[in-house]
Amino acid sequence: MLTITLPDGATRTFESDSVTGNEVAAAIGKRLAADAIGIMVDGQLQDLSRPINANAKVSIITPKPEDNQAMFLLRHSTAHVMAEAISDLFPQVKLAYGPPVEGGFYYDMELATPITEGDFSRIEQRMAEIVRENRPFTRYELPQHQAMAALETQGNAYKLDNARRAIAQDASAVLSFYATGQPGKNWEDLCRGPHLPSTGRIGAFKVTSVAGAYWHGDATKQQLQRVYGIAFFSQAQLDAFVHQQDEAKKRDHRLLGKQLQLFTISPLVGSGLILWMPRGGVIRQELELFMREELARRGYSAVYTPHIGHIDLYKTSGHYPYYKESQFPTIKMAQRDSDDQSEYLLKPMNCPHHIQIYAAHPHSYRDLPIRLAEFGTVYRFEQSGELSGMTRVRGFTQDDAHLFCTPEQVEQELKSTLDMVLLVLQTLGFTDYQCRVSLRDPTSDKYAGDPALWQTAETTLRKIVSESGIDSVEAPGEAAFYGPKLDFLVRDVIGRQWQLGTVQLDYVLPERFGLEYIGSDNQPHRPVMIHRAPFGSMERFTGILIEHFAGAFPAWLAPVQVSVLTISEKFLDYGRSVLSQLLAAGIRADIDDASDKIGAKIRRARDLKTPYMLVVGGKEQENAAVAVRTRKDRDLGTMPTDEFIRQLQMEITTRKADSVFTT
RNA sequence: GCUGCUGUAGCUCAGCUGGUAGAGCGCGUCCUUGGUAAGGACGAGGUCAUGGGUUCAAGUCCCAUCAGUAGCUCCA
């Protein structure tokens, strides 16, 4: 006798001591039994065919794209089908590991001849056959020694390793296998499960890409081939997904950066080195201006430091030689002048320079906090495979600042720096960000300083975050070597996460450089440092910003805020007078004086995503007016030129995200 | 750094199984002076990423290098 509780609290009782998910679903309804693809038993996802041997709370999983459990079953099962297809087509393949992941699935495998994109269609064809055959996923379990023996015979070291790891994790682990069809007759794989009832439940799928991946993510180990795929319950869902991907790609900052002439990269200058074009330069200038205003308001001092520093500086800070391989090679004076043994480094960070400014003269506790700010350009030799547009580069400018304060001031200063990061995100309309509390990994030795100070620092950061009320996740092992930090992460159009703003707490560098201030007790004390950069890097931030706005920047950031479009050359003089009024009012404006019709001029300005177009012809000239049009709306009608300018100036100076002309 | 893919005009791309390069947009000149998402004509513009090799002949095949790209690894 079993009692099964459903999500709504209703119960079903069964006479036997064991009941399968299929039987539970059938007891609820015929339709549900037909739809069902899996079952949650006391919070555990299971095959429908597995017996339930005790009273349990269950819910039936049906094929819904928004249900994570349903998608897990689908993706995991499709990974098996793909693995079978590849095994058929490439009999010498050794499968390693094939999990579902966010957005799809992959399977890692060893194969002497690489799979290429050209192979995708025949893999998909074979998969389609397996799906059409609608074979059941059949689970069977073997005692450990038998399972291991079976895997030994197969001679697949990866699967054996997987089994050993499962046993190492849980000595009583039962090893399960899933056959796509009948065990012993059809293809099968060591697998924890669960799976869909049968291959026929897979609606639509696509093999998407192939890439190298290291066994267990270890770059010293052998590289396997990872084949990626996606799966959906219906073709319509797959089509929608593909469409969405295509739309996302149109927002890619690398594409828009080219189209809108914002930045370029020249191989002659070097990989990963951004050249800001005039239109992109405007955006950066406006962002910097915004930041400078905030810095002034918050008691920061502007400083300037050079692009290189003596290597001893970084030996003292501890940055060198830990990060030797990710730096540009040192500049050795000895090559030119044998007497001078000096070595310089392109600066990989600004803090040591700022520390030298602090250390230039003694400080009283009355001077603190001291906040030194600089748009400091740093150089890091990122691996070639890591470079990506503006988001991962080898030279970038941080909106950096270092705060030197007393231990008592730490909390207040942290609060105000966090506040500044949030202001930046809010002003630019970022709501979909993640705050990561990056902590030390206690088992690693890459961290410097006294563990007790780390404890203090981490506790303080946690407190600040929880008081601020923002959502956050803790990430052990993500801290800087000198201290824990708060990182603000945003996704790009491809779904990759990037760190933008950061706030870092540091008790270590003041120690290393022997920094001091004289306290009210007339004794020397050690200051605490806070490193912070609300944008993070101007390059990365701008790259993400381009994608965030899909190139349609709010007026205050737009490279050109207004384009004057003349109806015909007869009105060029009037158009030019409107243009000079705009320029005189400090508005970034241009005029399209080509001998095109108005439709073509509008199209051109829209393609450049200019926020406002002012159409001027005879009617406007008579009334000292302009016909206003925004890049997204239609004709907004005419208004006096000075009225347009007044309203636009308001929109710009208040850095509004949306147009004041649309309601 | 590793694996796969890619590299043809300023941009987006075509160029079949090798036989010394094409389109659209953009650009220039001219015609047109047109009222809200492309008016018309003509024209200029290419060491086919670079360097080797195979071949009577290479944009096309092979190798290397450089760069881009997806993923892995890394990210002070």
Side-chain angles (χ1 to χ4, degrees), chain A residues 101 106 108 111 114-120 208-228 252 254-255 258-259 261 264-268 270-272 314 317-320 322-327 347-352 378 380-389 392-394 398 446-448 478-483 485 487 494 496 498-499 502 504 506 508-509 531 565-572 594-607 613-620 627-629 631-638:
Chain A
V101 288
Y106 65 78
D108 284 350
L111 192 56
I115 290 179
T116 68
E117 281 167 35
D119 299 315
F120 290 179
T208 52
S209 67
V210 58
Y214 299 104
W215 179 233
H216 288 295
D218 184 344
T220 63
K221 295 257 172 67
Q222 188 188 354
Q223 188 161 31
L224 305 169
Q225 290 185 59
R226 175 171 296 180
V227 185
Y228 283 87
D252 192 313
R254 292 165 298 192
L255 188 72
K258 202 178 274 181
Q259 277 173 11
Q261 295 164 34
T264 188
I265 299 168
S266 158
L268 215 49
S271 285
Y314 305 103
S317 71
H319 291 102
Y320 189 92
Y322 279 119
Y323 301 100
K324 208 172 173 178
E325 69 291 343
S326 54
Q327 289 161 174
K347 70 174 170 186
M349 74 295 299
N350 300 303
C351 30
V378 299
R380 301 176 186 180
F381 194 81
E382 304 288 359
Q383 304 181 70
S384 60
E386 284 309 329
L387 300 174
S388 179
R392 191 80 184 263
V393 294
R394 287 183 176 159
Q398 297 176 308
K446 82 166 201 182
Y447 304 97
E478 290 294 329
F481 78 89
Y482 49 73
K485 51 186 185 147
D487 296 319
I494 303 177
R496 294 179 292 206
W498 300 100
Q499 178 191 313
T502 184
Q504 314 182 349
D506 176 10
V508 171
L509 292 184
H531 310 232
L565 314 181
T566 49
I567 292 290
S568 82
E569 282 172 16
K570 279 192 281 194
F571 310 107
L572 258 182
S595 69
D596 283 307
K597 292 198 193 178
I598 194 65
K601 295 187 183 187
I602 288 170
R603 162 144 188 171
R604 216 161 17 235
R606 286 186 60 110
D607 282 350
M613 290 158 245
L614 300 183
V615 176
V616 295
K619 284 180 282 182
E620 289 74 24
V628 182
R629 190 188 162 102
R631 63 191 158 204
K632 61 181 169 208
D633 297 303
R634 302 203 63 81
D635 189 355
L636 294 181
T638 58

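Chain letters run A, B, ... following the sequence lines, proteins first, then strands; residues in each count from 1. No hydrogens, no waters, no symmetry mates; every other heavy atom, side chains included, goes into these values.
Residues Asn350(A) and Val378(A) approach most closely at OD1-CG1, 3.6 Å, considering heavy atoms. Of all heavy-atom pairs between Ala480(A) and Gln504(A), the closest is CB-OE1, 4.5 Å.
Between the Arg606(A) side chain and the Arg631(A) main chain, a donor and an acceptor come within less than 3.5 Å of each other. With hydrogens and angles disregarded, a donor-acceptor distance shorter than 3.5 Å links the side chain of Lys601(A) to the backbone of Ala594(A). A donor-acceptor contact shorter than 3.5 Å links the side chain of Gln225(A) to the backbone of Ile115(A). Without hydrogens or angle criteria, Arg226(A) side chain to Ala211(A) main chain gives no donor-acceptor distance under 3.5 Å. Distance alone, capped at 3.5 Å, is enough to place a donor-acceptor pair between the Thr208(A) side chain and the Tyr228(A) backbone.
Residue-to-nucleotide contacts include a donor-acceptor pair under 3.5 Å from the side chain of Arg392(A) to the base of C74(B). Below the 3.5 angstrom threshold, one finds no donor paired with an acceptor across the side chain of Tyr214(A) and the base of G71(B). Contact of Arg380(A) with C75(B) (side chain to base): no donor-acceptor pair of N or O atoms is detected under 3.5 Å. For Ser326(A) and A76(B), a side-chain-to-base donor-acceptor distance below 3.5 Å is present, hydrogens and geometry of angles not being considered.
Using atom C1' as the reference point in both C16(B) and G22(B), the two lie 15 Å apart (nearest Å). Separation of the C1' atoms belonging to U29(B) and U12(B) is 25 Å when rounded to the nearest angstrom. Comparing the same atom, P, in G68(B) and in G19(B) gives a spacing of 32 Å after rounding to whole Å. With C1' as the reference atom, G51(B) and G15(B) are 24 Å apart, rounded to whole Å. Taking atom P on both G43(B) and A23(B), the two are 11 Å apart, rounded to the nearest angstrom. Going from the C1' atom of A49(B) to that of C72(B) covers 26 Å, rounded to whole Å. Between U17(B) and C74(B), the two C1' atoms lie 45 Å apart (nearest whole Å). A gap of 44 Å separates the C1' atoms of U3(B) and A44(B), to the nearest Å.
The side chain of His319(A) lies closest to A76(B) when the candidates are A70(B), A76(B), G1(B). Proximity note for Glu382(A) (side chain, C-beta onward) versus G4(B), C75(B), G71(B): the nearest is C75(B).
Ala213(A) comes within 4.0 angstrom of the backbone, heavy atoms only, and of no base. Leu224(A) comes within 4.0 angstrom of no nucleic acid atom, judged by non-hydrogen atoms across all strands. Residue contacts for Gly389(A): at a heavy-atom cut-off of 4.0 Å it reaches the sugar-phosphate backbone alone, with no base atom in range. Residue contacts for Tyr314(A): at a heavy-atom cut-off of 4.0 Å it reaches no nucleic acid atom on any strand shown. Note on Arg496(A): only backbone sugar-phosphate atoms sit closer than 4.0 angstrom, heavy atoms only; bases stay farther off.
Between the CG atom of Leu255(A) and the P atom of U69(B) there is a distance of 12 Å, given to the nearest Å. At whole-Å resolution of the value, CD in Gln225(A) and P in C5(B) are 10 Å apart. The distance from atom CG of Leu111(A) to atom P of G4(B) is 12 Å, rounded to the nearest whole Å. Rounded to an integer number of Å, the gap from NZ of Lys324(A) to P of G1(B) is 18 Å. Remark: C1' of A76(B) and NE2 of His531(A) are 10 Å apart, rounded to the nearest angstrom. Protein atom CG of Asp119(A) is 18 Å distant from nucleotide atom P of U3(B), rounded to whole Å. Put simply, OH on Tyr228(A) is 17 Å from P on C5(B), counting in whole angstrom units.
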Test His319(A) against Tyr482(A) for side chain to side chain contact (heavy atoms under 4.5 Å, CB included), laying out the working first.
CA-CA 10 Å; His319(A) 291 102; Tyr482(A) 49 73; 4.2 Å; yes

How would you summarise protein contacts on nucleotides 33-45 of chain B per nucleotide, using B for base, S for sugar-phosphate only and - for none, with heavy-atom distances below 4.0 Å?
BBBBBBB------

Intra- and inter-strand pairs of RNA chain B in dot-bracket (Watson-Crick or G-U wobble, both distances under 3.5 Å; | for another strand)
(((((((..((((.....[..)))).(((((.......))))).....(((((..]....))))))))))))....

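Proximity of Arg604(A) to the phosphate of C25(B): no side-chain N or O atom is located under 4.0 Å from OP1 or OP2. Under 4.0 angstrom from either OP1 or OP2 of A67(B) there lies at least one side-chain N or O belonging to Ser271(A). A sub-4.0 Å separation between OP1 or OP2 of A70(B) and a side-chain N or O of Arg254(A) is present.
When each of Asp252(A) and Met349(A) is assigned the nucleotide of RNA chain B with its nearest heavy atom, Asp252(A) is the one assigned upstream, toward the 5' end.
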